There are 2 protein chains.
Amino acid sequence: MESLLKYIRNHIELTREEEEFLVSKVFLRKYLKGQYVVQQGDICKYECFVLSGCTKMFYLDDDGQEHIILFSIEDWWTSDMGSFITQTPADFNIQCLENTELVMFSFDIIEELYEKIPKLERFFRQIIERAFVASQKRIVRNFALTAKERYLYFRKQYPKIEQRIPQYMVASYLGITKEFLSKIKSQLSLEE
Amino acid sequence: MESLLKYIRNHIELTREEEEFLVSKVFLRKYLKGQYVVQQGDICKYECFVLSGCTKMFYLDDDGQEHIILFSIEDWWTSDMGSFITQTPADFNIQCLENTELVMFSFDIIEELYEKIPKLERFFRQIIERAFVASQKRIVRNFALTAKERYLYFRKQYPKIEQRIPQYMVASYLGITKEFLSKIKSQLSLEE
DNA sequence: AATAGATGTTAAACTAGATTAACATTATTT
DNA sequence: AAATAATGTTAATCTAGTTTAACATCTATT
């Protein structure tokens with residue numbers, strides 16, 4: 001739990017009481033590799049801060065194909081925000097790719113935290129603003145860049161994630177097939 | 001300006017004083033068709049609420065190709081949020097597709113409004129949450145749907161926008177060429 | 001009414017990336 | 001150590017969407 005506080009202290013200053021209040025309201029949950037945090041159709045009850053491990057968030061389309069939207073590792077957040085804020089069934093799945101420890105912020109608790117600690121509401125607003133900006137930029141990259149360029153960008157931007165994740169999941173995140181990513185990689189190794 | 005208040009009243013309740021404070025801090029600006037609200041490289045100084053008219057936000061890639069990220073009409077917001085929150089040069093352009101009236105929220109003013117009217121900060125957080133969710137869902141649609149399916153979704157979701165906008169811009173928004181959208185439309189007209 | 005500029009259509013040739021399928025490699029389990 | 005499952009590679013064939021280019025229509029301006 002200390003690394004959650006460290007993360008928060010990195011951005012805002014809370015009093016000792018505020019920190020204690022926060023810690024008393026959230027709880028830690030451990031998942032094994034392969035377990036689901038959220039399943040498509042369930043209501044997403046928590047926003048989760050990743051203490052350790054790794055998760056993927058993905059959409060399962062009508063053909064059963066998996067489309068990975070987001071990987072989350074230490075110090076990142078994960079949740080189906082659409083489901084969370086409306087408390088309606090989730091469109092996405094969140095599954096652990098490693099044994100994972102999450103700090104769970106429930107819907108009611110988060111409202112209570114916003115109420116009691118306005119600084120925290122401001123901080124969360126800023127986190128969401130940044131997430132939104134990143135998401136819009138990803139849309140542009142998907143339009144303006146080729147698969148190879150997107151892969152190079154991913155590799156540069158998230159070198160730590162690439163190493164922890166099977167290649168076919170990277171392909172899914174990039175919106176291409178595993179075979180095509182394999183081709184791109186062999187092309188790149190010839191170029192170098 | 002009344003329609004801004006109407007929009008806000010639709011979601012939260014402000015006191016008469018709060019409304020007056022808000023109105024005293026923002027200002028209205030009129031643009032002609034074709035004018036730019038933000039240009040790639042400039043710092044985006046305002047978040048803008050659309051009173052009337054229509055804007056497009058787009059990215060110009062290295063080949064000079066335009067990629068439309070967002071159309072905004074009455075009661076929508078527009079800004080390059082990435083530039084706005086960091087006050088660094090914008091990646092995107094925002095241009096008016098019709099004569100357009102915007103309510104301008106500057107960076108400093110918006111901070112002041114958050115400070116004085118916490119309800120407003122909460123409201124803006126919720127707006128951004130929804131924008132983020134919409135953006136993530138668009139990423140999925142771009143991966144999981146064909147161009148034809150994306151077009152049908154757009155037509156259903158934003159019927160009012162389609163009517164106001166040249167077809168080649170719809171194509172850009174969908175991430176396809178104008179020629180291919182034309183083909184899709186002629187296919188659809190044969191089917192019906 | 002004529003011209004010019006902006007928008008939309010059609011069709012042929014082309015390409016980035018998908019599909020299929022067979023095989024190779026690496027982990028994991030027994 | 002063998003067997004099984006999971007992951008990764010290669011290559012041939014295929015397709016959704018692009019490119020190019022010529023033409024059509026619509027709108028605004030003189």
Side-chain angles (χ1 to χ4, degrees), chain A residues 32-35 54 56 58-59 61-68 71 95-99 139 141-155 161-192, chain B residues 32-35 54 56 58 61-68 71 95-99 139-155 161-192:
Chain A
L32 295 175
K33 178 175 176 172
Q35 284 189 312
C54 181
K56 68 175 172 185
F58 64 97
Y59 175 74
D61 72 18
D62 298 338
D63 308 334
Q65 259 223 315
E66 194 176 300
H67 301 274
I68 297 179
F71 297 112
Q95 190 181 16
C96 298
L97 301 178
E98 304 171 357
N99 294 344
I139 290 175
R141 286 197 302 276
N142 288 342
F143 283 158
L145 303 184
T146 64
K148 191 185 197 169
E149 289 166 332
R150 273 179 277 148
Y151 170 60
L152 289 172
Y153 181 88
F154 174 78
R155 210 168 67 166
I161 292 183
E162 190 185 8
Q163 288 154 21
R164 287 163 74 165
I165 279 169
Q167 192 169 305
Y168 70 88
M169 290 192 194
V170 174
S172 168
Y173 178 86
L174 296 173
I176 59 178
T177 58
K178 57 190 166 52
E179 291 84 357
F180 194 55
L181 179 54
S182 183
K183 199 171 173 181
I184 288 170
K185 288 184 84 165
S186 80
Q187 267 177 36
L188 285 170
S189 68
L190 291 178
E191 283 172 23
E192 278 152 19
Chain B
L32 296 175
K33 178 174 174 172
Q35 285 188 312
C54 180
K56 67 175 172 184
F58 63 98
D61 72 18
D62 298 339
D63 307 334
Q65 259 224 314
E66 193 176 300
H67 301 274
I68 297 180
F71 298 111
Q95 190 181 16
C96 298
L97 302 177
E98 304 172 359
N99 294 344
I139 290 176
V140 175
R141 286 196 304 275
N142 289 342
F143 283 159
L145 303 183
T146 64
K148 191 184 196 170
E149 291 166 330
R150 273 179 278 149
Y151 170 60
L152 289 172
Y153 181 88
F154 174 78
R155 209 167 69 166
I161 292 183
E162 191 184 8
Q163 288 155 21
R164 288 163 74 165
I165 278 169
Q167 193 169 304
Y168 71 89
M169 292 192 193
V170 174
S172 170
Y173 178 85
L174 296 173
I176 58 179
T177 58
K178 57 191 167 51
E179 290 85 356
F180 193 55
L181 179 54
S182 183
K183 198 171 174 181
I184 288 171
K185 288 184 83 165
S186 79
Q187 269 176 34
L188 285 170
S189 70
L190 291 179
E191 284 172 23
E192 279 151 19

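Note that these values count all heavy atoms, side chains included, but never hydrogens, waters or copies made by symmetry. In what follows, every chain begins at residue 1, and chains take the letters A, B, ... in the order their sequences are listed. Computed from a predicted structure; not experimentally measured.
Between the CG atom of B/Leu188 and the C1' atom of C/dT9 there is a distance of 15 Å, given to the nearest Å. Here D/dT15 presents its C1' atom at 16 Å from CD1 of B/Ile176, a figure rounded to the nearest Å. We find that NZ of B/Lys33 is positioned 11 Å from C1' of C/dT7, with the value rounded to whole Å. Straight-line distance from the CD atom of A/Glu179 to the C1' atom of D/dC14: 14 Å, rounded to whole Å. Protein atom NZ of B/Lys185 is 12 Å distant from nucleotide atom P of C/dT10, rounded to whole Å. Atoms CG (A/Asp63) and P (C/dA18) sit 14 Å apart, rounded to a whole Å.
For the pair B/Met169/B/Phe71, a side-chain contact is recorded, criterion being any heavy-atom separation below 4.5 Å from C-beta on. In this structure, the side chains of A/Leu188 and A/Leu152 come closer than 4.5 Å at one or more pairs of heavy atoms. Residues A/Lys56 and A/Ile165 fail the side-chain proximity criterion, which asks for heavy atoms closer than 4.5 Å.
Taking 4.0 angstrom as the limit, A/Thr177 places none of its side-chain polar atoms (N or O) nearer than this to OP1 or OP2 of C/dG17. The phosphate of C/dA16 has neither OP1 nor OP2 within less than 4.0 Å of any side-chain N or O from A/Arg150. Put simply, B/Ser182 has no side-chain N or O that comes within less than 4.0 Å of OP1 or OP2 on C/dG8. Distances shown here put every side-chain N or O of B/Gln167 at or beyond 4.0 Å from the OP1 or OP2 atom of C/dA6.
Across all strands, A/Tyr168 comes closer than 4.0 Å only to sugar-phosphate atoms, never to a base (heavy-atom distances).
Nearest approach of B/Cys96 to B/Leu32, heavy atoms of both residues: CB-O, 3.7 Å. For the pair B/Ser172 and B/Ile68, the tightest heavy-atom approach, listed with the atom from each and the gap, is OG-N, 3.0 Å.
Between A/Lys178 and A/Lys148, it is A/Lys148 whose nearest contact on DNA chain C lies nearer the 5' terminus.
Distance alone, capped at 3.5 Å, is enough to place a donor-acceptor pair between the B/Asn99 side chain and the B/Lys33 backbone.
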Exercise for review: For DNA chain D, produce a single dot-bracket line, 5' to 3'. Pairs: Watson-Crick or G-U wobble, both distances under 3.5 Å. Symbols: ( ) within strand, [ ] crossing, | other strand, . unpaired.
Suggested key: ||||||||||||||||||||||||||||||
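Remark: the B/Tyr173 side chain and the B/Glu162 side chain contain no N/O donor-acceptor pair separated by less than 3.5 Å.
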